[in-house]
There are 2 protein chains.
Amino acid sequence: MSTLTSPKKEQILTAATRLFHERGYHATSVRDIADAVGIQGGSLYAHFESKDDVLWDIVNLSADAFFAALDPVIRSNRDTNAKLRDAIIAHIGVITRDLDAAAVYTTEWRHLATERRTEFSARRDAYESLFRDLVRVGIREGFLSPVDEAYGTLFILSALNYVYLWFRPEGRMSSEAVARMMADFIFDGLRRRTT
Amino acid sequence: MSTLTSPKKEQILTAATRLFHERGYHATSVRDIADAVGIQGGSLYAHFESKDDVLWDIVNLSADAFFAALDPVIRSNRDTNAKLRDAIIAHIGVITRDLDAAAVYTTEWRHLATERRTEFSARRDAYESLFRDLVRVGIREGFLSPVDEAYGTLFILSALNYVYLWFRPEGRMSSEAVARMMADFIFDGLRRRTT
DNA sequence: CCATAATACTAACAAACGTTCGTTAGGAGC
DNA sequence: GCTCCTAACGAACGTTTGTTAGTATTATGG
């Protein structure tokens with residue numbers, strides 16, 4: 001086994017990701033997904049044990065991408081200021097690289113079966129707390145205002161997470177430009193400063 | 001007819017709003033809603049013509065609340081600086097007053113029937129453009145940085161709209177305190193300033 | 001006190017749902 | 001040439017879905 005997923009399985013995941021984003025999990029039938037890859041509804045069960053498994057794979061692959069992007073940033077030797085900015089850039093990068101996956105990761109995970117929803121929720125919390133650690137250290141080092149670290153982190157992630165709603169790869173702004181803009185908004189706010 | 005909605009109709013809307021928030025529109029059946037108010041599934045159709053009508057009423061009542069809260073702010077004679085801050089406070093107020101409704105307004109409107117989804121989308125755009133007008137004038141008057149007004153507005157509304165995810169009425173922060181905090185985040189950012 | 005709505009019930013509908021079934025076609029490996 | 005495996009098929013399963021019909025019950029107003 002040289003690949004983690006067979007080509008057909010990946011096709012199914014890609015199609016399901018798009019459909020779950022467009023219509024939502026419960027408004028997408030197994031037959032819809034199968035149609036999109038040119039097979040019958042029942043044939044999907046040669047690759048997945050259940051519809052829930054498809055969603056589970058999608059959101060976890062997406063979570064993997066977020067962790068993988070953040071990890072080198074946290075391990076780096078840069079100062080907290082730069083780390084937090086890099087973390088924002090990395091996070092936006094994951095979102096813009098696959099908008100469908102980001103949307104499903106952000107909104108559709110709630111429709112996982114109960115046990116998995118709990119488990120996934122913990123993964124999201126773990127990711128959030130990596131960001132919160134950066135905020136905490138940033139405050140302690142005096143780089144950030146002494147805000148409530150939890151609410152400050154939620155503010156950052158709220159602003160970032162919903163970039164998938166309006167970002168368009170063919171638009172006039174690159175992923176990097178968006179990331180820089182968001183970082184500036186978050187660190188400096190919208191108020192004009194008379195320097 | 002002295003009231004816009006009969007008491008039972010309001011009970012149904014309240015229950016449906018909570019269930020649509022908790023489980024999502026498609027994961028909530030008509031029988032679920034009926035159970036929550038103590039009637040049979042079919043009896044719901046004495047009050048609504050369809051399930052879609054229930055969602056339609058919920059999101060439009062919520063939209064009404066957002067417009068009603070923003071209107072006096074825009075009509076006031078205060079300067080743009082104060083207006084934008086008041087708009088943020090008003091917006092947060094609507095969200096915290098009914099978290100379920102805010103959640104359905106923000107996420108479940110996508111499951112409206114096609115025609116209504118388009119119509120509702122226009123209402124959301126209209127609301128957003130009222131905010132954008134404030135941002136534009138704020139920039140022109142020199143109160144705000146010369147950012148892209150569209151992205152600046154999306155930044156504000158992203159940060160505000162998802163307060164429903166973590167705000168708890170019984171928590172340690174009041175709606176007003178949250179609104180002040182968010183306004184400070186948005187205007188001044190998280191970076192520490194050495195005054 | 002009766003006419004007339006409004007509201008509720010029960011039962012049923014057709015359609016769609018996720019899933020399972022037995023079967024089959026086509027390679028791969030011995 | 002035979003077996004095994006995978007992936008697909010088409011049909012069916014039992015359940016749930018939104019909705020409707022016919023009927024009963026409850027309130028209301030003249």
Side-chain angles (χ1 to χ4, degrees), chain A residues 1-59 104 108-117, chain B residues 1-59 104 108-117:
Chain A
M1 183 192 308
S2 60
T3 51
L4 278 170
T5 53
S6 70
K8 198 42 153 260
K9 195 166 181 176
E10 262 180 294
Q11 279 181 45
I12 292 171
L13 284 174
T14 304
T17 305
R18 180 175 55 80
L19 288 168
F20 289 169
H21 174 203
E22 284 174 10
R23 313 180 187 176
Y25 176 76
H26 284 295
T28 304
S29 74
V30 168
R31 287 168 182 86
D32 289 338
I33 302 168
D35 279 357
V37 298
I39 59 174
Q40 293 285 110
S43 307
L44 191 138
Y45 288 82
H47 306 277
F48 294 90
E49 285 192 3
S50 69
K51 187 187 176 187
D52 190 66
D53 274 24
V54 178
L55 179 57
W56 180 244
D57 275 14
I58 292 171
V59 295
V104 176
E108 302 301 317
W109 66 272
R110 298 191 320 116
H111 301 113
L112 285 167
T114 315
E115 224 171 295
R116 285 176 160 177
R117 186 171 61 242
Chain B
M1 135 158 29
S2 60
T3 51
L4 278 169
T5 53
S6 70
K8 203 34 155 270
K9 194 165 183 177
E10 262 180 295
Q11 280 181 46
I12 293 171
L13 284 174
T14 304
T17 304
R18 179 175 57 80
L19 289 168
F20 288 168
H21 175 204
E22 284 174 9
R23 313 180 186 175
Y25 176 76
H26 283 295
T28 304
S29 74
V30 169
R31 287 167 181 84
D32 290 337
I33 303 169
D35 279 357
V37 297
I39 59 174
Q40 293 285 108
S43 307
L44 190 137
Y45 288 81
H47 305 276
F48 293 90
E49 286 191 1
S50 69
K51 188 187 175 188
D52 190 66
D53 274 23
V54 178
L55 179 57
W56 180 244
D57 275 14
I58 292 171
V59 296
V104 176
E108 301 302 317
W109 66 272
R110 299 188 321 114
H111 301 114
L112 285 167
T114 315
E115 222 171 297
R116 286 176 161 177
R117 186 171 61 242

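Both backbone and side-chain heavy atoms feed into the values below; hydrogens, waters and symmetry mates do not. In what follows, every chain begins at residue 1, and chains take the letters A, B, ... in the order their sequences are listed.
Between A:Tyr25 and A:His111, the ring-plane angle classifies as parallel under the 30° and 60° cut-offs.
Looking only at side-chain heavy atoms (C-beta outward), A:Leu13 and A:Phe48 come within less than 4.5 Å of each other.
For the pair B:Arg23 CZ and D:dT16 P, the computed distance is 14 Å after rounding to whole Å. The distance from atom NE2 of A:His26 to atom P of C:dC17 is 13 Å, rounded to the nearest whole Å. Atom P of nucleotide C:dT7 and atom CZ of B:Phe48 are separated by 11 Å, given to the nearest angstrom. Rounded to whole Å, the distance from CG on A:Asp32 to C1' on C:dT19 is 16 Å. Taking atom NE2 on B:His111 and atom P on D:dT17, their separation rounds to 16 Å, with Å as the unit. Atom CG in A:Asp35 sits about 12 Å away from atom P in D:dG10, given to the nearest Å. For the pair A:Leu44 CG and C:dT20 P, the interatomic distance rounds to 12 Å; values are reported in whole Å. With rounding to whole Å, A:Ile12 atom CD1 is found 14 Å from C:dG18 atom P.
Between the side chain of B:Arg117 and the main chain of B:Leu112, a donor-acceptor pair closer than 3.5 Å is present. Side-chain atoms of B:Asp32 come within 3.5 Å of backbone atoms of B:Ser29 as a donor-acceptor pair (strictly under, hydrogens ignored).
A residue-by-residue look at A:Ser43 and B:Ser43 shows that B:Ser43 has its nearest nucleotide of DNA chain C further toward the 5' end. Nucleotides of DNA chain C nearest to A:Gly42 and A:Ala27 differ in position, and the one nearer the 5' end is that of A:Ala27.
When distances run from any side-chain atom of A:Ile39 to the nucleotides D:dT19, D:dC9, D:dA7, the shortest one goes to D:dC9. Taking only side-chain atoms of B:Tyr45, from C-beta outward, the nucleotide of C:dA8, C:dG18, D:dT20 with the closest atom is D:dT20. Candidate nucleotides D:dT17, C:dA8, C:dT19 were compared by shortest atom distance to the side chain of A:Arg31, and C:dT19 ranks first.
Taking only side-chain nitrogens and oxygens, B:Gln40 comes nearer than 4.0 Å to OP1 or OP2 of C:dT10. OP1 or OP2 of C:dC17 has not a single side-chain nitrogen or oxygen of A:Lys51 nearer than 4.0 Å. For the pair A:His47 and D:dA8, the criterion of a side-chain N or O lying under 4.0 Å from OP1 or OP2 is met.
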Using the rule given for side chain to side chain contact (heavy atoms under 4.5 Å, CB included), can you reason through B:Arg116 versus B:Leu55, listing the C-alpha separation, both sets of side-chain angles and the distance that settles it, and then say yes or no?
CA-CA 10 Å; B:Arg116 286 176 161 177; B:Leu55 179 57; over 6 Å; no
